[in-house]
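Just so it is clear: chains get the letters A, B, ... in the order the sequence lines come, proteins before strands, and each one is counted from 1. Only heavy atoms go into these numbers, but all of them, side chains included; no hydrogens, no water, no symmetry mates.
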Protein chains: 2
Amino acid sequence: MLSDLRQEFILHFGEMGSRWGINRTVGQIYAALFLSEEPLCADDLVGLLGVSRSNVSMSLKELQSWNLVHLKHRPGDRRDFFTTPDDMWQIVRTLVEERKKREIDPTLTKLRQLEMRPGSAEDAYAQARITEMRELIELLTGWYDQMNALETERLVALLNMGAKLQKLAQSARILPKRTNKTES
Amino acid sequence: MLSDLRQEFILHFGEMGSRWGINRTVGQIYAALFLSEEPLCADDLVGLLGVSRSNVSMSLKELQSWNLVHLKHRPGDRRDFFTTPDDMWQIVRTLVEERKKREIDPTLTKLRQLEMRPGSAEDAYAQARITEMRELIELLTGWYDQMNALETERLVALLNMGAKLQKLAQSARILPKRTNKTES
DNA sequence: TAGATGTTTCAGAAAAAACTGAAACGACTG
DNA sequence: CAGTCGTTTCAGTTTTTTCTGAAACATCTA
């Protein structure tokens, strides 16, 4: 039912998932869908992975809440079939987007909130540190948003331009203006 | 002993850690060190966080294995004191580096290994998919390596150039001869 | 060497997370 | 309506992970 090759891939992503705070079954299901040319239904996955029907159901729900799988239907078939997007880049974008929404955004909110607290003297250092962290996160997410706005083709072109960008960075430092610390 | 502000920050990172496959105590310890102007020793952390001495010891060991904390010593004091780097950028670099080492590299190895398997016909699609994934990961890590090679100051300059880069990406698509091979 | 101080280890306890089977549910179909 | 097909829910079980206390270890000091 499942070639060694696919089996191994699926097990690998099950294991990897754990290190990313994703549970094993969820990782395995995603991997199975990723490798499958045809959409799969819940019972297919039960057969492929040997886990319970309810586990598959919960895991698929989880994946849907992350927007990582798409629902497909076949004419004359009531079952739900699932796929991953064909475009790997779309997968990456979704992954980052969701992760950002669930982890970065709440953290930024918390940091801003702590920054604004009227600070007693003993917290001066801590607050400075928090500000530093917030600014860094904002710089990185701002950058990500810019890159994410590019079409994939252009983004790839840019990623392939590492050396040229280094040059650009070099000149950017030399160019005099823009000494201000914050802009927003 | 611990102001509300710091308390909240520490709890937040304890929770966040869980979502990243980092256990709560480890997250809390790191957060506490991050906010502390002075280096802290294990017993300080026991007092601050209210966890067992051995838990602190294990967690610090974990953090050390990730190169996320530095050891300091005081003259005439046998205890180990710990700090986080002052430079947030260094922290980010280390974090990415270690994560790459533990998660990306083994995955790339596995993908390459699966790609090379003499493939039966039924695995043709799966292998193509795997190749696609490997290539994307290589592109991203290659890019990261380039960026990581920059001095922080230049890197920041580059990150602040989002709009300009978009322009560059635009022209980049027009100039070079197409790397065909596109699918989808 | 004995004692003081500090760190690490580890078997088992406690807590958390993942998983299951059975039952409830919902939506069509004849 | 009763029956079929498929999905979802959830209480309880299993598995995994985290955490603890006690003992072992290590290093320095008198």
Side-chain angles (χ1 to χ4, degrees), chain A residues 10-33 38-66 68-83 102-103, chain B residues 10-11 13-33 38-66 69-83 102-103:
Chain A
I10 289 169
L11 292 180
H12 179 85
F13 278 86
E15 292 309 316
M16 258 355 191
S18 323
R19 302 204 191 170
W20 274 82
I22 291 165
N23 88 40
R24 195 166 62 248
T25 306
V26 172
Q28 290 183 349
I29 287 179
Y30 195 80
L33 293 175
E38 299 302 319
L40 301 176
C41 73
D43 283 318
D44 293 337
L45 291 163
V46 169
L48 252 33
L49 307 179
V51 296
S52 74
R53 186 51 231 269
S54 53
N55 192 358
V56 169
S57 175
M58 300 278 250
S59 301
L60 283 170
K61 218 178 130 191
E62 174 82 1
L63 285 169
Q64 281 179 280
S65 84
W66 281 77
L68 283 172
V69 295
H70 292 148
L71 216 57
K72 297 255 167 158
H73 284 107
R74 287 179 178 170
D77 191 332
R78 285 207 273 125
R79 289 173 295 174
D80 290 339
F81 285 79
F82 297 88
T83 60
R102 287 155 204 254
E103 283 141 32
Chain B
I10 288 168
L11 292 179
F13 278 85
E15 293 309 314
M16 259 353 191
S18 324
R19 301 203 191 171
W20 274 81
I22 290 164
N23 91 37
R24 196 168 59 247
T25 307
V26 172
Q28 290 183 350
I29 287 179
Y30 195 80
L33 293 176
E38 298 303 320
L40 302 176
C41 71
D43 283 316
D44 292 337
L45 292 162
V46 169
L48 252 35
L49 307 178
V51 296
S52 73
R53 186 50 233 268
S54 52
N55 193 357
V56 169
S57 176
M58 301 276 251
S59 301
L60 283 170
K61 218 177 130 190
E62 174 83 0
L63 285 169
Q64 281 179 279
S65 84
W66 282 75
V69 295
H70 292 148
L71 215 57
K72 298 254 168 162
H73 283 107
R74 286 179 178 169
D77 191 332
R78 284 208 272 126
R79 291 174 294 175
D80 290 339
F81 286 79
F82 297 88
T83 61
R102 288 156 204 253
E103 284 141 30

[atom1] of [X] versus [atom2] of [N]: gap in Å, rounded?
| X | N | atom1 | atom2 | result |
| --- | --- | --- | --- | --- |
| Asp44(B) | dT7(C) | CG | P | 10 Å |
| Leu45(A) | dG6(D) | CG | P | 15 Å |
| Leu60(B) | dT8(C) | CG | C1' | 12 Å |
| Ile29(A) | dT7(D) | CD1 | C1' | 14 Å |
| Asp43(A) | dG6(D) | CG | C1' | 8 Å |
| Arg79(B) | dT5(C) | CZ | P | 11 Å |
| Arg19(B) | dA16(C) | CZ | C1' | 16 Å |

Please encode protein proximity along nucleotides 23-30 of chain C as a string of B, S and -, counting only heavy-atom distances under 4.0 Å. ---BB---
Counting primed atoms, P, OP1 and OP2 as sugar-phosphate and everything else as base, the B/S/- map of nucleotides 8-23 of chain D against protein heavy atoms under 4.0 Å is BBB-------SSBB--
Out of curiosity, Gln28(B) CD to Leu45(B) CG, how far, rounded to the nearest 0.5 Å?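 One gets 10.5 Å once the value is rounded to the nearest 0.5 Å.
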With Ser18(A) via side-chain hydrogen bond (donor to acceptor under 3.5 Å, both in side chains) - residues at least two apart: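 Ser18(A) satisfies side-chain hydrogen bond (donor to acceptor under 3.5 Å, both in side chains) with no residue once adjacent residues are dropped.
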State which residue, out of Leu71(A), Asp44(A), Ile29(A), fulfils the side chain to side chain contact (heavy atoms under 4.5 Å, CB included) condition with Phe82(A).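 For Phe82(A), the side chain to side chain contact (heavy atoms under 4.5 Å, CB included) check succeeds only for Leu71(A).
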List, one per line, each side-chain donor-acceptor pair under 3.5 Å for residues 51-58 of chain B, sequence neighbours excluded.
| unit_1 | atom_1 | unit_2 | atom_2 | d |
| --- | --- | --- | --- | --- |
| Ser52(B) | OG | Ser54(B) | OG | 3.3 |
| Ser52(B) | OG | Asn55(B) | N | 3.1 |
| Asn55(B) | OD1 | Ser59(B) | OG | 3.3 |
| Asn55(B) | ND2 | Thr25(B) | OG1 | 3.2 |

Non-neighbouring partners of Leu68(A) that pass side-chain contact (heavy atoms from CB on, under 4.5 Å), sequence neighbours left out: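 Listed in chain order: Tyr30(A), Leu63(A), Trp66(A), Thr94(A), Leu95(A).
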For Arg79(A), give me all partners under side-chain contact (heavy atoms from CB on, under 4.5 Å), at least two apart in sequence or on another chain.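 side-chain contact (heavy atoms from CB on, under 4.5 Å) list for Arg79(A), sorted by chain: Cys41(A), Asp77(A), Phe81(A).
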Provide the closest heavy-atom pair for Ile22(A) versus Gly27(A) in the form atom of the first, atom of the second, distance.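 Distance-wise, the nearest heavy atoms are CG2-N, 4.0 Å.
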Please identify which of these residues, Gln64(A), His73(A), Lys72(A), meets the side-chain hydrogen bond (donor to acceptor under 3.5 Å, both in side chains) condition with Asp80(A).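 Running side-chain hydrogen bond (donor to acceptor under 3.5 Å, both in side chains) over Gln64(A), His73(A), Lys72(A) with Asp80(A) returns exactly one hit, His73(A).
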